Number of protein chains: 2
Amino acid sequence: MMVNVLMKPNIQHVAERAQVSKATVSRVLNNNPQVKGEIKERVLRAIKELNYRPSTIARNLATNQTNTIGLILPDITNPYFPVLARGIEDAAHRLGYTIFISNTDNDPKLEQDIIHKMVEQQVGGIVLISSTLDEKAVNDLTSLQTPIILCDRLIENKPFDAVSIDNYRAAQEAVQYLIGQGHTRIAHLAGPKNIQSAVSRRAGYVDAMLAANLEPFVSVGTFSYESGVHQTGDLIHAYKPTAIFAANDLMALGAMHEIYRRGMRVPEDISIFGCDDIAFSAMSRPLMSTISIPAYQIGVTAVQLLDDRMKGVRAGSKNVILEHKLMHRESCIGVNRK
Amino acid sequence: MMVNVLMKPNIQHVAERAQVSKATVSRVLNNNPQVKGEIKERVLRAIKELNYRPSTIARNLATNQTNTIGLILPDITNPYFPVLARGIEDAAHRLGYTIFISNTDNDPKLEQDIIHKMVEQQVGGIVLISSTLDEKAVNDLTSLQTPIILCDRLIENKPFDAVSIDNYRAAQEAVQYLIGQGHTRIAHLAGPKNIQSAVSRRAGYVDAMLAANLEPFVSVGTFSYESGVHQTGDLIHAYKPTAIFAANDLMALGAMHEIYRRGMRVPEDISIFGCDDIAFSAMSRPLMSTISIPAYQIGVTAVQLLDDRMKGVRAGSKNVILEHKLMHRESCIGVNRK
DNA sequence: ATGAAAGCGCTAACAG
DNA sequence: CTGTTAGCGCTTTCAT
């Protein structure tokens, strides 16, 4: 058969050129040891000569397996997610998976659509950083045939595999630290209400404040830098805080910016504690004190759990909590040391 | 036939439940108008009842088409790339593609492997941000059956589609600006030698300096923050610059950090000009002056060109140059105004 | 307007 | 050890 240079060769072309059957070619492709040396050479040569690459897609169809994992996250542009994504990609790569990626912009409806699209793409599993707390959507998730693992943001009381940190406790500890430094007027820049991690952090803040007989003051934002800027502007008038605990570093950075813009200083006038420990919290001036989240490790762990599940190793759902860590840098100072 | 809830339904199951043939189901799946209303209803109902999702993978195999695009980039963790990636993803999504993503860490060997893996995955096209200037690798690229578009980093004198900015001219303009401000001792923090954009920026810097009868001083780094820190430490002793032009913002930020650590100030003691205009260059203190690159738009444009090529719309290779823009913020000051 | 059947590129029994 | 054959889930002629 004529094999035009312009058309992609398939297994049949290789078989003919090597004078063997498709099955034999398939065997050498899969490193089946029972192919005799000489024949194997012939096949290998034919493959090279034709510049043949097997079609993963056909292979997947035939084996009813897939080597793809879907990664669904809010916005890769938010600096917290790239390192999570890297952990996922690196672990996936090591296990032989390639990954589909898609952004949801925290839109629950879009999130559903993307999940379904990924299922249609025949991904073997999905890593989901969800913006969903809605009952109906969760049920839809449950009915999926495809293994799912939740990252970073949980859906409580449901049988999902998940890996995250203890956001409630992390926030609590940060606030307790601030209180220990003598602060009494500590405001909270909270994240969106449909995001579990934001909700937990807020609860941790509120409970820590109440436990110390302090009055909480919460300003709800969107996890963005601009949101941090604007909320802080309002906060300063309404509450006159000596410290701010922000639900993420982006908002903390925004707060810092606004404070300086108003001619005040961090930490001398207002202390700031962030959350996430994104790269830039260690590049700002002053350096940002924050809660370090092992994002890369969360990603790696998620893929490992997902892989287990995809291989049918595990039955019940599993919930892994990784350790966070308070990073004490330069943006916080005791209230008495002012 | 019994359809277990636990197994994924296929087109056959739907056909049986709706009492029609697979062909008919396929037709309603593809919105073929010649299916009668009542039958169409039956099929739609069966689909819903079984929670059926067609297999994209099988469909692709049958149609010999694919709806996937591969995105190969150095490191999603570098804050310049997420916005490029977003442009790509958004445009791809709009055109019905889903995207595979993979990081190369600027390793040319790994880059080759990933390209081949993507081809095996039957991606319809590849968006490549390459770390390759090597002749052999480029030839390998040329022999690919899969359409490729180069983003951001070009491979000169080769018939590839590409979209980028004019890095040479951008660097030249930034340096000319610095010279116009009275600076004569302007150092350059360059990027890796195997990366085209870094090479072009360096050339732009050198030529601008020579044209003004100034002596260039280049320190080669890795595009990382740490690299910016270390190179600057050395620079300050070896060259005593009054201004630094960094090949990217991450290094510029590192330079700024090191300058403050040594008790000097930006811009009073040393001016800094960056490149990329990543989000954090507008969050630092002082705000970073930099070259703005339309990363999102580069991504969008790349996908549009790739789509054309995938649909066979275009024949010859096409090279799109987008406009950059100098962002004058706070990190630069005239040498006489000190 | 609908169905039957062949085929996309590959794998996996089963023979030999 | 190697070849034959029958699918994987879908689309697409070609009949009817």
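Residue numbers begin at 1 in each chain, while the letters A, B, ... track the order of the sequences. Side-chain atoms are counted along with the backbone in the values below, which use heavy atoms only and exclude waters and symmetry mates. Being a predicted model, the structure only gives us computed values, none of them experimental.
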Show which side-chain atoms of residues 93-100 of chain B pair as donor or acceptor with protein atoms under 3.5 Å away, not counting sequence neighbours.
from, atom 1, to, atom 2, distance (Å)
B:Tyr97, OH, B:Asp307, OD1, 2.5
B:Thr98, OG1, A:Gln121, NE2, 3.3

For this session: Quick one: list whatever passes side chain to side chain contact (heavy atoms under 4.5 Å, CB included) with B:Ala58, sequence neighbours left out.
Result: A:Leu61, B:Ser55

Exercise. A:Ser21 side chain N/O closer than 4.0 Å to the phosphate oxygens (OP1, OP2) of D:dG3?
Worked result: yes

Exercise. If you check every side-chain atom of B:Tyr52, which of D:dC10, C:dG9, D:dT2 has the closest atom?
Worked result: D:dC10

Exercise. How does protein reach along nucleotides 11-16 of chain D, written 5' to 3' as B (base within reach of a heavy atom under 4.0 Å), S (only sugar-phosphate), or - (no contact)?
Worked result: BBB---

Show which side-chain atoms of residues 28-41 of chain B pair as donor or acceptor with protein atoms under 3.5 Å away, not counting sequence neighbours.
from, atom 1, to, atom 2, distance (Å)
B:Asn30, ND2, B:Ser26, O, 2.7
B:Asn30, ND2, B:Ser26, OG, 3.4
B:Asn32, OD1, B:Gln34, N, 3.0

Enumerate donor-acceptor pairs with a distance under 3.5 Å from any side-chain N or O in residues 71-78 of chain A to protein atoms, sequence neighbours excluded.
from, atom 1, to, atom 2, distance (Å)
A:Asp75, OD1, A:Thr77, N, 3.0
A:Asp75, OD1, B:Arg86, NE, 3.1
A:Asn78, OD1, A:Tyr80, N, 3.0

Exercise. Does the side chain of B:Asp90 pick up a donor-acceptor pair with the side chain of B:Tyr296 at under 3.5 Å?
Worked result: yes

For this session: Classify the side-chain pair A:Ser130/A:Glu111 by whether it contains a donor and acceptor separated by less than 3.5 Å.
Result: yes

For this session: Ignoring the backbone of A:Val35, work out which of C:dC10, D:dT2, C:dT2 is nearest its side chain.
Result: D:dT2

For this session: Using only side-chain N and O atoms of B:Thr24, determine if any of them is under 4.0 Å from OP1 or OP2 of C:dG3.
Result: yes

Exercise. How large an angle, rounded to 10°, do the end axes of the helix from C:dA1-D:dT16 to C:dG16-D:dC1 enclose when each is built from five base pairs?
Worked result: 40°

For this session: Name the nucleic acid region contacted by B:Asn64, choosing base, sugar-phosphate or nothing; use a 4.0 angstrom heavy-atom cut-off, strictly under.
Result: nothing

